[in-house]
Amino acid sequence: MDKRLPREFFERDVLDVAPDLLGKYLVRRFDSGDIHRFQITEVEAYRGEEDKACHAAKGRTKRTEVLYSEPGTIYVYLIYGMYWLLNVVTGEKDCPQAVLIRGVKEISGPGRIGKFLKLDASFYGESFLISDRLWFEDSDDKPLYKTTPRIGIDYAGEWRDLEWRFVVDEDSK
DNA sequence: ACAAAGATCCGT
DNA sequence: CGGATCTTTGTA
């Protein structure tokens with residue numbers, strides 16, 4: 001059976017998709033053919049042009065173009081000249097939203113995930129719905145989680161304090 | 001054309 | 001706490 005998360009999963013508001021991704025599996029098929037599954041433990045939501053922390057706050061540019069495309073599309077970008085951060089586009093087409101994958105069970109930190117999964121610019125615009133090297137799979141786990149403000153966005157003014165970071169609560173497992 | 005900052009990580 | 005390292009964006 002196909003456990004890959006379908007378009008309908010991502011075609012919802014980012015604030016619904018983000019917590020639902022906790023406990024799901026991020027699956028990477030490397031060039032060698034080896035397939036690794038990583039259970040998601042930490043995510044953040046970035047929501048629309050109004051959200052000053054969202055890259056789409058700058059409007060439609062070459063970099064943010066993909067945020068306006070179909071739900072389930074891969075958004076990767078290089079930060080600090082060395083780390084590829086991984087996001088999945090959510091919501092209706094033309095509503096720029098994305099979930100940042102910040103942590104999985106074996107790896108803490110969005111920059112380290114990109115390094116471990118060998119991500120690069122070639123993933124930009126690819127789709128999690130049909131890719132043969134990067135996708136999400138369902139899981140029966142419904143872990144309890146806590147919310148906190150997002151990390152590293154102190155510049156975002158009133159949007160800084162919104163608790164749009166979702167972290168699996170280990171204590172409750 | 002140039003300068004500045006960034007959804008980070010690591011070593012000191 | 002500062003350096004690495006380079007793309008994107010704002011300003012001229």
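What you see is a predicted model, and the numbers here were worked out from it, not measured in a lab. All chains are named by letter (A, B, ...) in the order of the sequence lines, taking the proteins before the strands, and each is independently numbered beginning at 1. The basis for the numbers below is simple: all heavy atoms, side chains too, and nothing from hydrogens, waters or symmetry mates.
- Between the CZ atom of A:R165 and the P atom of B:dA7 there is a distance of 15 Å, rounded to whole Å.
- Salt bridge A:D34/A:R29: absent, no basic N to carboxylate O contact under 4.0 Å.
- Sorted by first and then second residue, the salt bridge (charged side-chain N to carboxylate O under 4.0 Å, His left out) pairs with a member in residues 145-162 of chain A read A:D51-A:R150; sequence neighbours excluded.
- Of the charged side-chain nitrogens involved, none lies within less than 4.0 Å of a carboxylate oxygen, so that A:K118 and A:D31 do not count as a salt-bridged pair.
- Distance noted for atom P between B:dA4 and C:dG3: 16 Å (whole Å).
- One finds the NZ atom of A:K52 at 12.0 Å from the CD1 atom of A:I153 (value rounded to the nearest 0.5 Å).
- Side-chain atoms of A:T41 come within 3.5 Å of backbone atoms of A:G103 as a donor-acceptor pair (strictly under, hydrogens ignored).
- Counting only residues at least two apart or in different chains, side chain to side chain donor-acceptor pair (under 3.5 Å) contacts with residues 86-95 of chain A comprise A:T90-A:Q97.
- Counting to the nearest Å, the P atom of B:dG6 and the NZ atom of A:K52 are 15 Å from each other.
- In this structure, A:F116 places its CZ atom 18 Å from P of B:dT8, rounding to the nearest Å.
- Distance CG (A:D154) to C1' (B:dA5): 14 Å, rounded to an integer number of Å.
- Among the candidates A:F38, A:F10, A:Y25, the single residue satisfying the ring pair (Phe, Tyr, Trp, His ring centres under 6.0 Å) test with A:F136 is A:F10.
- Side chain to side chain, A:R133 and A:S122 meet the donor-acceptor criterion of an N or O pair below 3.5 Å.
- Between A:H55 and A:Y46, the gap from one ring centroid to the other reaches at least 6.0 Å.
- For the P atoms, the distance linking C:dT5 with B:dC2 amounts to 22 Å, nearest Å.
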Quiz item: Based on Watson-Crick and G-U pairs with both distances under 3.5 Å, what dot-bracket line describes DNA chain C 5' to 3', crossing pairs as [ ] and inter-strand pairs as |?
Solution: ||||.||||||.

Practice problem: Summarise how protein sits on nucleotides 2-12 of chain C as a single string, 5' to 3': B when a protein heavy atom is under 4.0 Å from the base, S for sugar-phosphate-only contact, - for no contact. | Solution: --BBBSSSS--

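- A heavy atom closer than 4.0 Å to some atom of DNA chain C occurs in no member of residues 84-96 of chain A.
- The minimum heavy-atom distance between A:A45 and A:F166, with the atom names listed, is CB-CE1, 4.3 Å.
- Residues forming a salt bridge (Lys or Arg N to Asp or Glu O under 4.0 Å) with A:R47 (at least two apart in sequence, or on another chain): A:D13.
- Rounded to an integer number of Å, the gap from CZ of A:R102 to C1' of B:dC9 is 11 Å.
- Under 4.0 angstrom from either OP1 or OP2 of B:dC10 there lies at least one side-chain N or O belonging to A:R112.
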